[in-house]
2 protein chains.
Amino acid sequence: MPRPTIYDVAAAAGVATSTVSRAFSSPNRVNARTREHIFAVAADLGYRPNPHARALLSGRHHTVAMVVSDITNPHYFELIRGAELRAKASEYTLVLVNAEESPRVEYDQIQRLVPSVDGFVLGASRLPDENLVQIAGQRPVVLMSRELPGLPSVVLEHTQGCHQIVEHLASLGHRHLIYLAGPRNSWMAATRWSALRTAAEELGLRAERIGPFTPKASHGAAAADSAIRAGATAIVAHNDLLAIGVMRRLKQRSVQVPQEVSVVGFDNIFAADLCTPGLTTLGGAHADVGRVAIEILLQATGPQQPTGTSPQVALPTELVMRESTGPCA
Amino acid sequence: MPRPTIYDVAAAAGVATSTVSRAFSSPNRVNARTREHIFAVAADLGYRPNPHARALLSGRHHTVAMVVSDITNPHYFELIRGAELRAKASEYTLVLVNAEESPRVEYDQIQRLVPSVDGFVLGASRLPDENLVQIAGQRPVVLMSRELPGLPSVVLEHTQGCHQIVEHLASLGHRHLIYLAGPRNSWMAATRWSALRTAAEELGLRAERIGPFTPKASHGAAAADSAIRAGATAIVAHNDLLAIGVMRRLKQRSVQVPQEVSVVGFDNIFAADLCTPGLTTLGGAHADVGRVAIEILLQATGPQQPTGTSPQVALPTELVMRESTGPCA
DNA sequence: GAACGGACAGCAAGGGGTTGCCATCAGGTT
DNA sequence: AACCTGATGGCAACCCCTTGCTGTCCGTTC
């Protein structure tokens with residue numbers, strides 16, 4: 001017993017297939033009584049429209065893809081969760097793709113999915129601008145943790161946030177901070193560094209950048225060693241994972257945090273609250289980033305013509321102070 | 001300029017559409033020279049087959065869905081990662097669905113996806129057996145962290161693992177353990193309890209179960225209070241999140257871990273290594289669970305007839321000892 | 001040299017819906 | 001009574017690709 005089709009429903013209800021189709025896709029084009037009758041018959045038969053047949057003609061798949069630069073980063077869990085929830089609320093299917101920090105993989109996967117999805121949400125895309133523009137020409141795209149003029153995006157307000165970090169460090173007496181940079185092709189890394197440097201200048205601190213580092217805990221050891229060698233009293237790591245890796249290494253080398261060195265991270269992942277000492281970090285409502293990104297995307301894939309506007313949303317950040325930062329030695 | 005179709009390719013190459021189609025889907029049905037020519041023209045035009053049209057007829061979508069009971073649980077990240085990687089390796093698309101701990105949501109989402117995916121991987125499904133059997137009748141299904149005769153599954157070897165836990169506790173002099181149970185409809189919770197109880201009996205410990213508890217850190221406080229009231233010297237929590245929540249509460253109540261109470265978790269999530277004291281927990285290669293599950297699923301969705309066998313894979317566990325367990329007071 | 005068989009390409013019928021256009025009909029106008 | 005209008009439902013083409021069947025061509029075989 002294969003799935004019933006509109007033909008079965010039409011036959012059972014004694015109407016034409018087009019009427020059945022319309023009853024589902026544009027209910028007000030069909031008389032209320034007929035419609036109810038069709039619905040009843042359909043429910044009886046257990047009919048469900050075949051999304052592929054529908055997509056074939058309409059070109060709309062009720063599916064969006066979320067591409068993340070590295071799925072192993074816990075920071076994304078929140079984004080994914082927010083996105084999944086929002087997509088589900090609109091009965092959209094969420095396809096998840098891991099770019100494994102490789103622009104190549106990212107691009108290939110996106111191209112593979114172009115025919116099957118209505119749009120893309122890209123998390124911290126490592127692709128060059130021109131690729132993003134090209135993809136945006138094929139399907140609606142919303143960027144997360146990245147901005148590009150002309151494309152909609154959702155980010156956390158990092159300029160502001162970085163300023164808070166530097167202020168926090170300055171008020172603790174630090175005169176010199178070291179930023180452990182993220183991947184070379186990370187927009188976020190560039191933005192953070194630029195914001196940190198500006199804020200540092202403004203507040204009379206010396207800012208230095210080391211890196212790039214792969215933002216994983218395992219790469220924290222090398223980062224920590226470099227930072228110590230550079231004579232850091234305050235380390236701002238590209239993200240919490242790196243910061244946690246740094247702190248581990250510092251403990252190993254018997255460098256006291258925060259007495260000798262202060263450490264700050266980004267993202268406020270679950271683990272930041274659990275490590276010892278607790279990690280001071282710049283957090284924010286990451287689930288909202290995912291949620292809003294999907295929301296904008298659904299707007300863009302909607303039936304109404306694209307408005308031409310590309311909202312660039314910046315959600316507030318919050319400096320979560322824990323024990324990894326303290327007065328400068 | 002819409003995407004080129006086989007018609008465009010056929011016209012440009014001077015052959016029939018069917019020949020183009022066959023050149024792609026069954027290359028040896030077409031002369032090598034013709035084929036090469038078609039490929040050249042197709043590449044030139046930037047042709048890519050439309051997966052929906054293909055799926056419409058063939059019924060194969062090159063897509064599998066992964067449904068997890070609660071996406072916010074870090075334990076799943078590994079599963080998801082392993083699954084995503086494996087799916088990508090076979091050029092399958094992975095759809096991610098969060099059941100939010102609700103059997104209702106789980107079932108509805110699955111039914112919604114039935115027409116669009118080739119199969120399901122269900123992580124810690126909360127559905128009753130009969131639902132699973134029914135779904136398995138519609139599409140191939142592979143269970144993770146759950147077993148059901150007749151359905152393929154991938155789990156960690158928990159019986160063995162639980163035995164290790166109890167042995168560990170027994171060797172530390174504990175005579176009484178309390179299991180903080182997971183959700184009522186969790187197969188895993190039932191299995192762990194049964195394994196713990198058996199092992200406890202064997203080793204002469206008294207085992208007691210409290211719960212069920214929602215396995216999140218935020219529910220650890222209540223669990224901790226119950227456990228203390230029951231006079232626990234050793235607590236085995238349903239998962240690491242709950243264990244971490246318990247330890248937080250114990251610290252709050254100035255109950256020393258492990259001096260007064262030992263705590264053990266399950267899953268060995270990233271945070272287990274970071275909390276203080278480090279959490280003793282039963283780990284395993286979770287990414288492999290996801291990987292193997294997808295592998296079995298792809299096997300089952302493959303062209304060859306289902307073999308009728310339903311592999312029940314059990315991957316080894318590993319008791320990771322940290323500082324949260326110690327000699328009984 | 002006729003009959004035969006294999007390799008290959010094309011025709012056309014779907015697969016499950018959507019939708020532009022037309023036919024019908026009831027109700028309202030003048 | 002003739003005419004118009006809007007609401008409603010049906011016909012059939014179309015979306016893009018797959019595949020069973022047919023026809024052609026050419027090399028074999030007896």
Side-chain angles (χ1 to χ4, degrees), chain A residues 1-39 41-42 45-63 91 112-118 138 303, chain B residues 1-39 41-42 45-63 111-118 138 303:
Chain A
M1 44 169 184
R3 298 174 65 81
T5 71
I6 47 168
Y7 293 93
D8 303 319
V9 177
V15 297
T17 59
S18 50
T19 308
V20 177
S21 172
R22 270 193 277 264
F24 284 96
S25 48
S26 43
N28 44 354
R29 262 294 266 113
V30 70
N31 187 299
R33 270 238 301 290
T34 327
R35 195 196 321 145
E36 289 314 320
H37 177 218
I38 290 174
F39 285 169
V41 170
L45 262 56
Y47 167 77
R48 280 162 170 271
N50 179 325
H52 291 285
R54 185 173 278 196
L56 187 53
L57 190 49
S58 67
R60 319 223 34 253
H61 311 79
H62 252 242
T63 299
E91 300 202 295
R112 197 173 71 75
L113 287 173
V114 162
S116 345
V117 304
D118 293 330
Q138 304 181 77
Chain B
M1 45 171 182
R3 300 174 64 82
T5 72
I6 48 169
Y7 291 94
D8 303 317
V9 177
V15 297
T17 60
S18 50
T19 309
V20 178
S21 171
R22 268 192 279 263
F24 283 98
S25 48
S26 44
N28 45 354
R29 267 287 273 116
V30 70
N31 187 298
R33 271 238 299 292
T34 328
R35 195 197 320 145
E36 290 314 319
H37 177 217
I38 290 173
F39 284 169
V41 171
L45 263 55
Y47 167 77
R48 280 160 169 273
N50 179 325
H52 291 286
R54 186 172 276 196
L56 185 54
L57 194 48
S58 68
R60 321 222 32 251
H61 311 78
H62 252 243
T63 300
Q111 287 308 320
R112 196 173 71 76
L113 286 173
V114 160
S116 342
V117 304
D118 294 331
Q138 305 180 74

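Chain identifiers are assigned alphabetically (A, B, ...) following the order of the sequence lines, protein sequences preceding nucleic acid strands; residue numbering begins at 1 within each chain.
Rounded to 10 degrees, the angle separating the terminal axes of the helix from dG1(C)-dC30(D) to dT30(C)-dA1(D) is 50°, with each axis obtained from five end pairs.
The interatomic distance linking D8(A) (CG) with dG17(C) (P) rounds to 9 Å, in whole Å. Here dC17(D) presents its C1' atom at 14 Å from NE2 of H61(B), a figure rounded to the nearest Å. Atoms NE2 (H37(B)) and C1' (dC8(C)) sit 17 Å apart, rounded to a whole Å. Rounded to an integer number of Å, the gap from CD1 of I38(A) to P of dT18(C) is 12 Å. At whole-Å resolution of the value, CZ in R29(B) and C1' in dG10(C) are 11 Å apart. Atom CG in N28(A) sits about 12 Å away from atom C1' in dT8(D), given to the nearest Å. Following rounding to the nearest Å, N31(A) (CG) and dG27(C) (C1') show an atom-to-atom distance of 15 Å.
At the heavy-atom level, T34(B) lies under 4.0 Å from the strands shown only through sugar-phosphate atoms. When heavy atoms are screened at a 4.0 angstrom cut-off, V15(B) is found touching the sugar-phosphate backbone but no base atom.
Side-chain N or O atoms of R35(A) include one that pairs as donor or acceptor with a backbone N or O of P27(A) at under 3.5 Å. Looking at R54(A), its side chain never comes within 3.5 Å of a backbone N or O of P49(A) through a donor-acceptor pair.
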For nucleotides 11-16 of chain C, just jot down a letter per nucleotide in 5' to 3' order: B, S or -, based on protein non-hydrogen atoms under 4.0 Å.
-> BB-BBB

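Looking at every heavy atom in both residues, R112(A) comes nearest to R48(B) through CA-NH1, 3.9 Å. The shortest non-hydrogen separation linking I38(A) to V15(A) is CD1-CG2, 4.0 Å.
Not counting sequence neighbours, the partners of F39(A) by the ring pair (Phe, Tyr, Trp, His ring centres under 6.0 Å) test are F24(A). Judged as a ring pair (Phe, Tyr, Trp, His ring centres under 6.0 Å), and not counting sequence neighbours, the contacts of H52(A) are H52(B), H61(B). Residues satisfying the side chain to side chain contact (heavy atoms under 4.5 Å, CB included) test with T17(A), not counting sequence neighbours, are I6(A), Y7(A), A10(A). Every side chain to side chain contact (heavy atoms under 4.5 Å, CB included) that A16(B) has, sequence neighbours left out, goes to S18(B), T19(B).
L113(B) CG to T63(B) OG1: the interatomic distance, rounded to the nearest 0.5 Å, is 10.0 Å.
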